[in-house]
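Keep in mind the model is a prediction, meaning the values are calculated, not measured.
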Amino acid sequence: QVQLVESGGGLVQAGGSLRLSCAASGRTFSMSAMGWFRQAPGKERDFVATINWSGGSTYYADSVKGRFTISRDNAKNTVYLQMNSLKPEDAARYYCAAVRGSKVATSLAGFGSWGQGTQVTVSS
């Protein structure tokens, strides 16, 4: 089991940037693919990005492709989400999650551990 704690959320103007971090504890982190999801009020939790255990494979939702970058530092047990060119529609609570394995995943069912989330607000 991996325990996850997100940080880095906040208020930013449209066009700005934020970098989210997800600190993980547990011996299996370096062997686990990781991902980011987001959930806006009244909406479903949506996939944002995923990265495999080594960082060599990533996959993004179409809505963030070219603007967001997922990365990881296994020595620091941390996953990052760099968000650039933020739009008001990016506002949501962002969740870090660990995949049930080493390969990337995009569906909720593929993830076994979740953090509490960090709030991102984008003003227009």
Side-chain angles (χ1 to χ4, degrees):
Q1 192 82 7
V2 178
Q3 289 76 46
L4 305 169
V5 179
E6 302 95 334
S7 61
L11 172 64
V12 64
Q13 287 189 331
S17 298
L18 280 176
R19 188 195 197 199
L20 306 184
S21 297
C22 173
S25 60
R27 294 181 296 171
T28 61
F29 171 79
S30 63
M31 296 183 290
S32 299
M34 301 292 295
W36 288 94
F37 283 72
R38 65 186 182 187
Q39 188 168 19
K43 295 189 177 181
E44 295 183 348
R45 190 170 297 190
D46 290 331
F47 166 77
V48 174
T50 185
I51 188 167
N52 76 333
W53 70 273
S54 68
S57 178
T58 59
Y59 187 76
Y60 299 91
D62 287 343
S63 59
V64 307
K65 201 173 295 182
R67 300 188 298 121
F68 291 11
T69 302
I70 188 171
S71 61
R72 67 190 296 162
D73 185 337
N74 286 346
K76 296 183 178 180
N77 275 17
T78 303
V79 177
Y80 305 97
L81 185 68
Q82 178 67 45
M83 306 186 296
N84 298 329
S85 302
L86 282 162
K87 304 176 181 180
E89 52 263 42
D90 293 319
R93 191 164 187 84
Y94 282 71
Y95 296 89
C96 175
V99 178
R100 304 179 193 268
S102 62
K103 297 182 180 180
V104 298
T106 61
S107 66
L108 286 169
F111 292 80
S113 299
W114 293 84
Q116 294 300 305
T118 184
Q119 186 68 38
V120 171
T121 304
V122 183
S123 63
S124 58

- request: Locate the shortest heavy-atom distance separating R45 from F37; write the atom from each residue and the value.
  value: CG-CB, 3.7 Å

task: Please check if L81 and V2 belong to a single hydrophobic cluster, counting links between Ile, Leu, Val, Met, Phe, Trp and Tyr side chain heavy atoms closer than 4.5 Å.
output: yes

A49 versus Y60, closest heavy-atom pair with distance: CB-CD2, 3.6 Å

Atom pair OG (S7) and CZ (R19), whose distance is rounded to the nearest 0.5 Å: 9.5 Å

task: Determine, using the 4.5 Å side-chain heavy-atom cutoff (strictly less than), whether Y59 and Y80 are members of one ILVMFWY cluster.
output: no

task: Determine whether V99 and M31 fall in the same hydrophobic cluster, where Ile, Leu, Val, Met, Phe, Trp and Tyr are linked whenever their side-chain heavy atoms lie under 4.5 Å apart.
output: no

task: Give the intermediate values and the outcome of side-chain contact (heavy atoms from CB on, under 4.5 Å) for residues I70 and V79.
output: CA-CA 7 Å; I70 188 171; V79 177; 4.1 Å; yes

- request: Look at K65 together with D62 and state whether they make a salt bridge at an N to O cut-off of under 4.0 Å.
  value: yes

message: Starting from W36, can I reach V122 by hopping between I/L/V/M/F/W/Y residues whose side chains sit under 4.5 Å apart?
response: yes

message: Could you measure the distance from the CD atom of E6 to the SG atom of C22? Nearest 0.5 Å is fine.
response: 5.5 Å

statement: Closest non-hydrogen atoms of L20 and M83, given as atom of the first, atom of the second and distance, are CG-CE, 3.8 Å

- request: Kindly compute the distance separating CG (D90) from CZ (R67), expressed to the nearest 0.5 Å.
  value: 4.0 Å

statement: The ring-ring contact (aromatic ring centres under 6.0 Å, His included) partners of F29 (sequence neighbours excluded) come to none

- request: Grab the two heavy atoms, one from N84 and one from S17, that are nearest each other, plus how far apart they are.
  value: OD1-OG, 2.9 Å

message: If I take atom CG from residue L86 and atom CD from residue Q13, how far apart are they, to the nearest 0.5 angstrom?
response: 11.5 Å

query: Closest approach of A14 and S124, non-hydrogen atoms and distance?
result: CB-CA, 4.3 Å

task: Could you list all the side chain to side chain donor-acceptor pair (under 3.5 Å) pairs where at least one residue sits in residues 69-78, not counting sequence neighbours?
output: R72-N74

- prompt: What orientation do F68 and Y94 show, parallel under 30°, tilted 30 to 60°, or perpendicular over 60°?
  reply: tilted

query: side-chain contact (heavy atoms from CB on, under 4.5 Å) between M34 and L4: does it pass, once the steps are laid out?
result: CA-CA 11 Å; M34 301 292 295; L4 305 169; 3.7 Å; yes

Expected list for residues 114-121: side-chain donor-acceptor pairs under 3.5 angstrom, two or more places apart:
residue : atom : partner : partner atom : Å
T118    : OG1  : G9      : N            : 3.1
Q119    : NE2  : A92     : O            : 3.4

- prompt: Does Y95 share a hydrophobic cluster with F47, counting links as ILVMFWY side-chain heavy atoms below 4.5 Å and allowing steps through other members?
  reply: yes

